[in-house]
2 protein chains.
Amino acid sequence: MITIKEVAHHAGVSMSTVSYVLSGKRSISEATKRRVEQSIAALGYHPNAGARALASNRSRVVGLVVPLHSDQNMPIIMRFVSSIVARARDHDYDVLLLTKEAGPGEAHRVIARSMADAIIVMDVESADPRVPELRDVDAPVVLLGMPDDHEGLSCLDLDFASAGRQMAGHLADRGHRSIALIGSPPPVYQRGTSFAARLLSGFQGETAKRGLLASVHSCAAGYDAVSECLDDVLHPDRGTTGLVVHNEAVLGPLLLELRRRSLDVPGDLSVITLCPDDVAAALPVPLTSIAVPAQELGAIAVEMVIARLGRELAPEVRLLQPQLTDRGSTAVR
Amino acid sequence: MITIKEVAHHAGVSMSTVSYVLSGKRSISEATKRRVEQSIAALGYHPNAGARALASNRSRVVGLVVPLHSDQNMPIIMRFVSSIVARARDHDYDVLLLTKEAGPGEAHRVIARSMADAIIVMDVESADPRVPELRDVDAPVVLLGMPDDHEGLSCLDLDFASAGRQMAGHLADRGHRSIALIGSPPPVYQRGTSFAARLLSGFQGETAKRGLLASVHSCAAGYDAVSECLDDVLHPDRGTTGLVVHNEAVLGPLLLELRRRSLDVPGDLSVITLCPDDVAAALPVPLTSIAVPAQELGAIAVEMVIARLGRELAPEVRLLQPQLTDRGSTAVR
DNA sequence: AACCACGTTCGAAGCGCTTCGATTCAATTC
DNA sequence: GAATTGAATCGAAGCGCTTCGAACGTGGTT
C-alpha cells in the first residue's frame, strides 16, 4: 500500500504538503502542486479512507435507508436510489446501504460508529416508528416523505395535496362533473401512507370546492381487481367521465381493460395519473400525468444533507410543486 | 464521543483489555469481561469504524455493484440486494452501494482506499467490460452472472442451460412434440446477456436430443408485442402445444392475451416459465416454474466473498441447480 | 525453595492521515 | 535598511483503535 509518506518522499516535500495539495485547504505553489500530483500518479496513490476519517472526523459517506422489501414500486425506489448515489458521488461522497427492514437503530449505529456523516431515509410514512429515533441521531438527517410529526426534522417530498388538487382541477376545467379517484390498495391507506392520504385530501378538497361528484376507489393490483374496480367506477348511476389514477401498478391493466370494454381514452373517458414521466409516456395510451420527480427529489435530498454537514441549519420542510404534462388523454366535455 | 479509553478507565482496565473483550481474540476472565461490558453499556460506547479500520486493516464493509438503471427486472434485482445486505449484516458487515453506471474503476477505487474489504458484482454479462478490471482488484471479488471469460474470477449463477433443458424436458415428458421458447427482447440477446444465451442453448440442446419441433421467439414487453408474438407462436402450421417463457415482464400480458383468445392453460396450451416463485404463484393462472433463487444466490455470494477474506481460496464457479415447481400449468397430451 | 507454565492483563508502538502552530524566505513598507 | 507582511512549507501532535511482546500472579512441579 502506497502511503502519503511515500508520495511526500517521492515528490521531495513533507506529508502535510501532500495533504494540502489534496484538500486544497492551504495555498500551495503551482510548481509543487504539479510535482506532488505527478508523484501521486506515478505511484498510484490512493488515500486510506479509514485514516482520513479518523484524522478528519469525516467519513465522506452518507447512509441511505431504503425499503428493500416493499414489493410495490421497486422501479421508482431505484430511481431515487440511483439519483442519490449519483449526486452523492458528484460531491465525492459514497453511499452506505441500510435497509428499512433491519429496523431503526441502523441509522444510529452507523452514525455512532462514524461510518457515515449523514443519513437519508426513504419511504417515510405518516406515523413512521423510525421518526422518534431519527431525532436522536447526532448527524444531519433528511427524510424523503412526510411523517405527521416532523418537528425538528428535515423533510422533502412532492406536494401530493397540490397534485390531487391539480388533477381534479384539470378535469373540472375540461367540464367534467363526475370524476373518480382510483387509488392504492387498501393496505396502503391503512398503513397511513402519508402521500396517499395527502393526495386524497387534495383531491377531495378540490372536488368539493368545485362542486363535483367524486368517488374514491382503493384498488388492488391484478387484472381481476382492476376489472372489478372499473365495474364500480363506471356504474351508470355515477356518470363518471374522468379518472384520476394514483396507482402505478394498475395503469397497464386498466388501459387494457378499458380497451376490452371498447371505451376510448379520451373519447369516452378522460384519464390523468401520477407516475414517472417515462412510464406515462410508454403506456399503450400515453397519459396526461403529474410526474414523480424522483431524480430531482434524490438530488435535493443529497444537497440538503450535505448543506447541513458544515453549518448548523434549521430543519426544513420542502414540498416540490407538481408538474403536469398534457399527453392528450383528457378531453373537453 | 465515548472512546475505548474512557471505557477502559470506567471499568478499571487497560484499553487493550477492552479491545480483547470486544474482539474475543484473547481470553479474558469472566469477571472483567462482565465489568467491561457493563461499562460499555453504561457509557453507550460505539467503536469508531475509521480507527478500527486503520488499526486492523479491515473495514468490515463489502462493496456491491448494482445495475441501477437497468429498467427491467428491478424487483428481482432488489431481491438480490436485499438478501445480500441481510446476510452481510449477519456477518457484521455493511454494504457500500456502487453503481454499474458509475463505471468500472469504482470497485478498484473502493478497494484501493480500503473503504471495503471485498466486492460483489451483480448483473455480469457475457462480454462484460468490467471483467478485466475486476481481475486487477486486490481483494476478493464474486460475480453474480457468468462472463464468457471468467478465468481467475469467482462466479455464481443459476445453471440456466440446465433450466432450459429441464423445461423442454418437462414438456417432452408430457408428450408435447412442438414447443416454443418465448425469450427476452432482442436487445437482451444482442447485448450477449449470458443467462439468456445459456438458457437458449440448453433448450435447443434438449429439443434436438428429444427430436421435438422447437421455435424461438424474442419478445419485447408491452401488450401489443406480446399479442404479435403469440400470433407467430400459435400459427397453425407450427402445431405448438407447449410454451417455455423466459421473460418475466411478459407473463401477465401473455396470460391475459391467451384468455382473450379463449385458450385455456393448460387445457389448450401448456406453459412453463422461469421466474421468482412468488411471481409464478401470484399470476392469474399459477404457472409451473423454475425459480430464480435470488435469496439463496445473494446469501451464497456473501458467504463466498467472506470465505475469501481470510485465506487464499482458489477462484470458483458455482452454478445452482434449478428447482422446478409444478403448479399444474402443463398438461399431458 | 526455586522453577515452570499458564491464564490474564498491561503498555506501547504503530496504522495513515489531517491540522495547527512555527518557520522560512521573498516582497513590501516606512 | 529594519520592520512588516504574507505566501509556501515543514514538523509534530494527535485521531481511536488493534496487536505484540512483556509482566504479573497463581498453582503445580521438581
Side-chain angles (χ1 to χ4, degrees), chain A residues 1-37 39-40 43-61 92 110-117 138 309-310, chain B residues 1-37 39-40 43-61 92 109-117 309-310:
Chain A
M1 179 184 228
I2 308 290
T3 71
I4 199 174
K5 201 171 186 173
E6 303 175 54
V7 173
H9 188 246
H10 185 275
V13 299
S14 72
M15 281 166 54
S16 48
T17 301
V18 176
S19 178
Y20 287 125
V21 167
L22 251 27
S23 70
K25 291 189 180 174
R26 282 199 184 174
S27 58
I28 298 285
S29 71
E30 265 313 312
T32 46
K33 183 184 281 185
R34 198 166 32 249
R35 211 141 35 81
V36 168
E37 276 161 356
S39 296
I40 287 175
L43 300 178
Y45 166 70
H46 293 264
N48 179 298
R52 204 169 237 199
L54 179 56
S56 67
N57 202 24
R58 284 248 165 283
S59 61
R60 297 207 76 91
V61 168
D92 210 4
V110 157
I111 294 299
R113 299 189 163 213
S114 298
M115 302 185 71
D117 298 334
D138 187 24
L309 275 176
Chain B
M1 179 186 228
I2 309 289
T3 71
I4 199 173
K5 201 170 186 173
E6 304 175 53
V7 173
H9 188 247
H10 185 274
V13 299
S14 73
M15 281 166 53
S16 49
T17 301
V18 177
S19 178
Y20 287 124
V21 167
L22 251 25
S23 70
K25 291 189 179 173
R26 282 200 185 171
S27 59
I28 298 285
S29 71
E30 265 314 312
T32 45
K33 181 184 284 185
R34 198 167 32 250
R35 212 141 34 81
V36 167
E37 277 160 356
S39 297
I40 287 176
L43 300 178
Y45 167 70
H46 292 266
N48 179 299
R52 201 169 239 200
L54 179 58
S56 68
N57 203 25
R58 285 246 165 285
S59 61
R60 296 206 79 88
V61 168
D92 210 5
R109 173 180 67 90
V110 157
I111 294 299
R113 300 189 162 212
S114 297
M115 302 186 72
D117 297 334
L309 273 177

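Predicted model, so just to flag it, every value in this text is computed and none were measured.
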Open item on the list: Categorize A/T32 for me: base, sugar-phosphate, or nothing, with a 4.0 angstrom heavy-atom threshold over every strand shown.
Closed with: sugar-phosphate
TODO: Can you tell me the distance, in whole Å, between the NZ atom of A/K5 and the P atom of D/dC10?
DONE: 15 Å
Task: Crowding at NE2, A/H46 (>12 non-hydrogen neighbours, <6.0 Å) - done: yes
Task: Donor-acceptor under 3.5 Å (A/D117 side chain, A/R60 main chain) - done: yes
Task: Whole-Å gap separating P (D/dT9) and CD (A/E30) - done: 10 Å
TODO: Please answer whether the main-chain N or O of B/N48 pairs with a side-chain N or O of A/R113 as donor and acceptor at a distance below 3.5 Å.
DONE: no
Set out, line by line, the N/O atom pairs under 3.5 Å between protein and nucleotides 20-24 of chain D.
{"residue": "D/dC20", "atom": "N4", "partner": "B/Y20", "partner atom": "OH", "Å": "2.7"}
{"residue": "D/dG21", "atom": "N7", "partner": "B/R26", "partner atom": "NH2", "Å": "3.2"}
{"residue": "D/dG21", "atom": "O6", "partner": "B/R26", "partner atom": "NH1", "Å": "2.3"}
{"residue": "D/dG21", "atom": "O6", "partner": "B/R26", "partner atom": "NH2", "Å": "3.3"}

Open item on the list: Please find the pair of heavy atoms, one from A/M115 and one from B/V61, that lie closest to each other, and give the distance.
Closed with: CE-CG2, 4.1 Å
Task: 5′-ward residue of the pair A/A51/B/S56 relative to DNA chain D - done: A/A51
TODO: List the steps, then state whether side chain to side chain contact (heavy atoms under 4.5 Å, CB included) holds for A/S59 with A/R52.
DONE: CA-CA 7 Å; A/S59 61; A/R52 204 169 237 199; over 6 Å; no
Open item on the list: Looking at every non-hydrogen atom in both residues, tell me the closest pair between A/M1 and B/S114 and how far apart they are.
Closed with: CE-OG, 3.5 Å
TODO: Work out which heavy atom in B/E6 is nearest to a heavy atom in B/L43; give both atom names and the distance.
DONE: O-CD1, 3.8 Å
TODO: Please work out if B/S19 contacts a base, only the sugar-phosphate, or nothing of the nucleic acid, heavy-atom cut-off 4.0 Å.
DONE: base
Under 3.5 Å, sequence neighbours excluded: what are the donor-acceptor pairs made by side chains of residues 21-29 of chain A?
{"residue": "A/S23", "atom": "OG", "partner": "A/S19", "partner atom": "O", "Å": "3.3"}
{"residue": "A/S23", "atom": "OG", "partner": "A/K25", "partner atom": "N", "Å": "3.3"}
{"residue": "A/S29", "atom": "OG", "partner": "A/T32", "partner atom": "N", "Å": "3.3"}
{"residue": "A/S29", "atom": "OG", "partner": "A/T32", "partner atom": "OG1", "Å": "2.8"}

Open item on the list: Quick check for you: name the first and last nucleotides of DNA chain C, 5' to 3', having an atom under 4.0 Å from a heavy atom of chain A.
Closed with: C/dG16 to C/dA22
